[in-house]
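The model shown is predicted, which means the values in this text are computed figures rather than measured ones.
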Amino acid sequence: MEEVEVVVAHHERVTLRVGAVFLKIDADQRRTDVEVAAMAMAPIPTPEVLWRRPPVLALAALPGTALGRLGEPSTASAAAWTAAGAAVRMLHDAPLPPWPGRSVDEIAAHLDGECELLVRNGVLPAGLVTRNRRIAEAALRPWTPVFAHGDLQITHVFVDGDEVTGVVDWSEASQGDALYDLASLTLGHEEHLDDVVAGYGTDVDLDVIRAWWSLRSLRAVRWLVEHGFDPSAPGCEVDVLRARM
């Protein structure tokens, strides 16, 4: 009998690992629909879909290990980070998925609502929220949509040595901003931004990436707290916000 490892568990979804198989249980099957469709379209390695019996999706484990974890130093080589940047560029150069992502206006409205709640409920100091909301404004501009992963945190990118072996968790994939993916990948690991940009292979606006760091962190803090995670742990979202002060 294989040991069961709880990878993620909260009231929206649960991910379990049993040997070389991941079992994803999602309350919203629309997210699973997006995940399966996006993996089929992506031009980069993704987990093999073994079977799907709603609400469960079974995926084969990828070889290698995650590029890193938020709040911990990454043990991956600079070349692995560069390879991750190249994989992201390949994704962004692929044909767009047929479903749209959130508009700039939708993102701005959600951000403003989160900022208001963070201050009103005393989750974060008003000055910290105000400063990062001002920085986040640079991300709220028109962009040319690309095939975006939508949640490209470093735990979702797997590497073996200096090569990317696959990318997981595609439920947020959509037409989106290329710089949001690059910002998500480097959140809390600013020291590897140059490596990722080198692999991506084109000029990017670093101020917009930094703006997305602030925006993503502001939008995430309350959700993380409500779902049992600690955004104030060293190196995590609250520290990302403080680094902008």
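- Rounded to the nearest 0.5 angstrom, D195 CG and L193 CG are separated by 8.5 Å.
- Rounded to the nearest 0.5 angstrom, I135 CD1 and W213 CH2 are separated by 11.0 Å.
- Donor-acceptor pairing under 3.5 Å is recorded for the side chains of E191 and H189.
- Between S184 and the choices Q153, R216, E172, the side-chain hydrogen bond (donor to acceptor under 3.5 Å, both in side chains) rule is met once, by R216.
- We find that R89 and D181 are not joined by a salt bridge, their nearest charged nitrogen and carboxylate oxygen being 4.0 Å or further apart.
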Mind listing the side-chain donor-acceptor pairs of residues 237-245 below 3.5 Å, one per line with the distance, residues two or more places apart or on another chain?
unit_1	atom_1	unit_2	atom_2	d
D239	OD1	R242	NH1	3.3
D239	OD2	G235	N	2.7

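- Counted by atom type alone, T186 and W81 present zero donor-acceptor pairs between their side chains at under 3.5 Å.
- Taking the charged nitrogens against the carboxylate oxygens, R17 and E3 have no contact shorter than 4.0 Å, which rules out a salt bridge.
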| message | I'd like to know whether M39 forms a side-chain contact (heavy atoms from CB on, under 4.5 Å) with E48, so could you lay out the CA-CA distance, the side-chain angles of the two residues, the decisive distance to 0.1 Å, and finally the verdict. | response | CA-CA 9 Å; M39 288 191 296; E48 177 189 359; over 6 Å; no
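- Side-chain contact check for S103 and D105: no donor-acceptor pair (N or O, by modelled atom type) lies under 3.5 Å.
- Remark: the D177 side chain and the W212 side chain contain an N/O donor-acceptor pair separated by less than 3.5 Å.
- Other residues, nucleotides and ligands contribute at most 12 non-hydrogen atoms within 6.0 Å of the CG atom of D194.
- Within 6.0 Å of CG in N121 there are more than 12 heavy atoms belonging to other residues, nucleotides or ligands.
- Relative orientation of the H227 and H10 rings is perpendicular, given thresholds of 30° and 60° on the angle between their planes.
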| So R222 and E226, salt bridge (charged side-chain N to carboxylate O under 4.0 Å, His left out) or not? Walk me through it. | CA-CA 6 Å; R222 187 173 63 91; E226 291 178 352; 3.0 Å; yes
| Criterion side-chain contact (heavy atoms from CB on, under 4.5 Å) on V164 and F158, from CA distance to verdict | CA-CA 6 Å; V164 174; F158 279 69; over 6 Å; no
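- Note that OG of S217 is 8.0 Å distant from CG of L70, once rounded to the nearest 0.5 Å.
- For the residue pair Q175 / R102, no side-chain donor-acceptor distance below 3.5 Å is found, with atom types taken as modelled.
- The shortest side-chain heavy-atom distance between V204 and L179 falls under the 4.5 Å cut-off.
- Side-chain N or O atoms of Q29 include one that pairs as donor or acceptor with a backbone N or O of D26 at under 3.5 Å.
- When only modelled atom types and interatomic distance are considered, D162 and S77 share a side-chain donor-acceptor pair under 3.5 Å.
- Note on Y180 and V104: same hydrophobic cluster, where clusters join Ile, Leu, Val, Met, Phe, Trp and Tyr whose side-chain heavy atoms are under 4.5 Å apart, directly or indirectly.
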| field | Residue pair R13, D28: steps toward the salt bridge (charged side-chain N to carboxylate O under 4.0 Å, His left out) verdict | value | CA-CA 8 Å; R13 68 189 77 170; D28 186 348; over 6 Å; no
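- Between the CZ atom of F229 and the SG atom of C236 there is a distance of 11.0 Å, given to the nearest 0.5 Å.
- In the hydrophobic clustering of ILVMFWY residues, with side-chain heavy atoms under 4.5 Å counting as a link, V168 and L59 come out apart.
- To the nearest 0.5 Å, atoms OG1 (T15) and CG (D169) are separated by 6.0 Å.
- Although no hydrogens or angles enter the test, the distance criterion places no donor-acceptor pair under 3.5 Å between the side chain of T155 and the main chain of R69.
- Without hydrogens or angle criteria, S74 side chain to L67 main chain gives a donor-acceptor distance under 3.5 Å.
- Without hydrogens or angle criteria, R141 side chain to A139 main chain gives a donor-acceptor distance under 3.5 Å.
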| task | Take V14 and V8 through the test side-chain contact (heavy atoms from CB on, under 4.5 Å) and record every step on the way to the result. | result | CA-CA 5 Å; V14 175; V8 175; over 6 Å; no
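- Here the CG atom belonging to L57 is positioned 6.0 Å from the CD atom belonging to E35, to the nearest 0.5 angstrom.
- Under a hydrophobic clustering in which Ile, Leu, Val, Met, Phe, Trp and Tyr are joined whenever their side-chain heavy atoms come within less than 4.5 Å, directly or via other members, M90 and V167 fall into the same cluster.
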